[in-house]
2 protein chains.
Amino acid sequence: MAAPIPEVVILRLPLYFRVLTLLQDETEIVSSQELGARLQITPAQIRKDLSYFGKFGIQGKGYKVNQLLGELRQILGLDRKWSVVLVGVGRLGRAILDYSTLGPHGFHITAAFDTDPRQIGKKVGQLIVQDIAVLSDAVKNQDLNIGIVAVPPSEAQEVIDRLVSCGIKAILNYAPAAPAVHSDVRVYNIDPVVALQTLTYHLKCLSTP
Amino acid sequence: MAAPIPEVVILRLPLYFRVLTLLQDETEIVSSQELGARLQITPAQIRKDLSYFGKFGIQGKGYKVNQLLGELRQILGLDRKWSVVLVGVGRLGRAILDYSTLGPHGFHITAAFDTDPRQIGKKVGQLIVQDIAVLSDAVKNQDLNIGIVAVPPSEAQEVIDRLVSCGIKAILNYAPAAPAVHSDVRVYNIDPVVALQTLTYHLKCLSTP
DNA sequence: GTGTGTGAATGTTTTCACAGCG
DNA sequence: CGCTGTGAAAACATTCACACAC
């Protein structure tokens with residue numbers, strides 16, 4: 001079953017997972033119809049997406065919420081804890097640490113780094129900010145899996161290269177940059193400004209018909 | 001020129017805009033080749049994307065950086081200021097206000113609201129938190145264009161309905177929910193947990209080949 | 001009857017490849 | 001020559017529609 005699953009499908013699975021989590025103490029069984037209604041996704045799409053991974057439904061009924069949750073948990077790799085390293089503890093990095101609703105979802109920020117010598121040694125939250133020079137050791141010793149990058153754009157590429165050279169294969173990038181990485185490394189960019197700029201395009205379209 | 005531009009194209013335009021901004025005091029002219037190299041996007045794709053809006057290049061040369069920036073600014077509606085209203089001033093909302101690199105890009109958070117009576121009247125940053133009940137007046141009086149939603153998931157749909165009923169047509173949603181809206185309203189969801197969950201999928205794939 | 005799973009059909013996006021222009 | 005702009009082709013994603021299972 002080493003079929004190549006489209007990336008768009010992977011992007012939707014976490015949405016299914018979340019809705020099912022909400023649904024789990026509300027109902028036993030849910031149809032692709034109902035699921036789709038809550039997510040603005042067609043039932044056919046949901047069924048097709050799930051069919052890439054197996055047959056999880058009961059014909060004529062729908063999907064057992066708990067069972068499907070279990071399947072998705074396994075598919076997405078959520079049946080374990082993940083250790084996350086934060087690089088960049090400026091305002092943004094601190095906000096991420098502080099806000100961080102990540103814990104309940106199995107993600108734990110277990111190390112923090114910065115390139116700025118003035119930050120090193122300082123305590124943010126529970127963590128002591130370390131010099132990025134010792135990143136490599138920390139990744140090995142603490143089994144860090146995922147990097148969150150919250151450094152200024154000018155440093156992003158360098159920091160990401162460093163994470164990659166330490167063996168990190170998944171990066172959540174908050175820096176407004178489009179870093180280049182080897183193809184076996186995944187980078188997910190989050191950038192509110194880019195998001196807002198797509199929104200203004202649509203606003204402009206509405207006002208000039 | 002009322003052609004239907006694919007949404008994926010709109011999602012890429014802000015990326016072009018940003019790279020061009022970086023490039024503008026470095027070079028006069030840039031080719032789709034170079035632009036693509038910086039963004040991991042094929043030159044053909046860039047040319048095609050731009051061709052939806054007009055002919056901006058010089059054959060045999062490339063694109064004049066400044067001119068293309070101007071065109072994109074106009075296309076994306078970035079040639080004006082936009083007023084943003086923040087709903088939800090809990091930890092996340094405060095982080096957004098505090099972090100906010102939005103100003104330099106022409107986005108200004110000019111009002112803050114909350115549903116929690118204990119927050120109302122408090123000062124966050126420059127703003128006084130207002131009762132969501134008076135949102136409607138504020139939207140009209142201050143010409144608010146965009147809503148940022150940073151409330152708990154259980155309130156997200158209600159808050160978004162309210163924004164929409166006040167005439168807001170563009171929403172940046174940080175709440176982990178997939179709200180339903182009328183089709184002339186744009187919602188862009190930002191959810192780090194969903195992002196991380198797509199990353200873990202790929203990590204899991206690497207470890208079980 | 002009801003809703004899943006799925007091949008086939010449709011629609012959309014990306015890539016190709018080349019004519020034409022500076 | 002070098003690179004844009006663009007129809008046409010290829011790749012990809014979504015929707016349809018129905019056989020089949022409960």
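Chain letters run A, B, ... following the sequence lines, proteins first and then strands; every chain starts at 1.
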To the closest 0.5 Å, what do you measure between CG (A:Leu102) and CH2 (A:Trp82)? 13.5 Å

Pair A:Asn189-A:Tyr174, side-chain donor/acceptor within less than 3.5 Å: no

Bend across the helix from C:dG1-D:dC22 to C:dG22-D:dC1, to 10°, with axes taken over 5 pairs at each end? 10°

Could you measure the distance from the CD atom of A:Gln45 to the OG atom of A:Ser32? Nearest 0.5 Å is fine. 11.5 Å

Tell me whether A:Arg186 contacts the main-chain N or O of A:Ala170 through its side chain, where contact means a donor paired with an acceptor under 3.5 Å. no

Option among A:Ile146, A:Leu127, A:Leu144 that satisfies the side-chain contact (heavy atoms from CB on, under 4.5 Å) test with A:Ile109: A:Leu127

Within residues 9-16 of chain B, which residues have any heavy atom lying less than 4.0 Å from an atom of DNA chain D? none

Quick one: is D:dA21 close enough that its OP1 or OP2 comes under 4.0 Å of any side-chain N or O from A:Lys55? no

Check each residue of residues 57-78 of chain B for a non-hydrogen atom within less than 4.0 Å of any atom in DNA chain D, then write out the ones that pass by number, or none. B:Gly57, B:Ile58, B:Gln59, B:Gly60, B:Lys61, B:Gly62, B:Tyr63

Contacts of type salt bridge (charged side-chain N to carboxylate O under 4.0 Å, His left out), residue B:Lys169, not counting sequence neighbours: B:Asp184

Going by atom type alone, with no hydrogens or angles, which donor-acceptor pairs under 3.5 Å involve a side-chain atom of residues 68-80 of chain B and a protein atom two or more places apart or on another chain?
{"residue": "B:Arg80", "atom": "NH2", "partner": "B:Asn145", "partner atom": "OD1", "Å": "3.3"}

Counting only N and O atoms by type, is there a donor-acceptor contact under 3.5 Å from the side chain of B:Glu34 to the main-chain atoms of B:Ser31? yes

Do any N or O atoms from the side chain of A:Gln157 and from the backbone of A:Ala180 form a donor-acceptor pair under 3.5 angstrom? yes

Between residues 23-47 of chain A and DNA chain C, which residues have a heavy-atom gap below 4.0 Å? A:Ser31, A:Ser32, A:Arg47

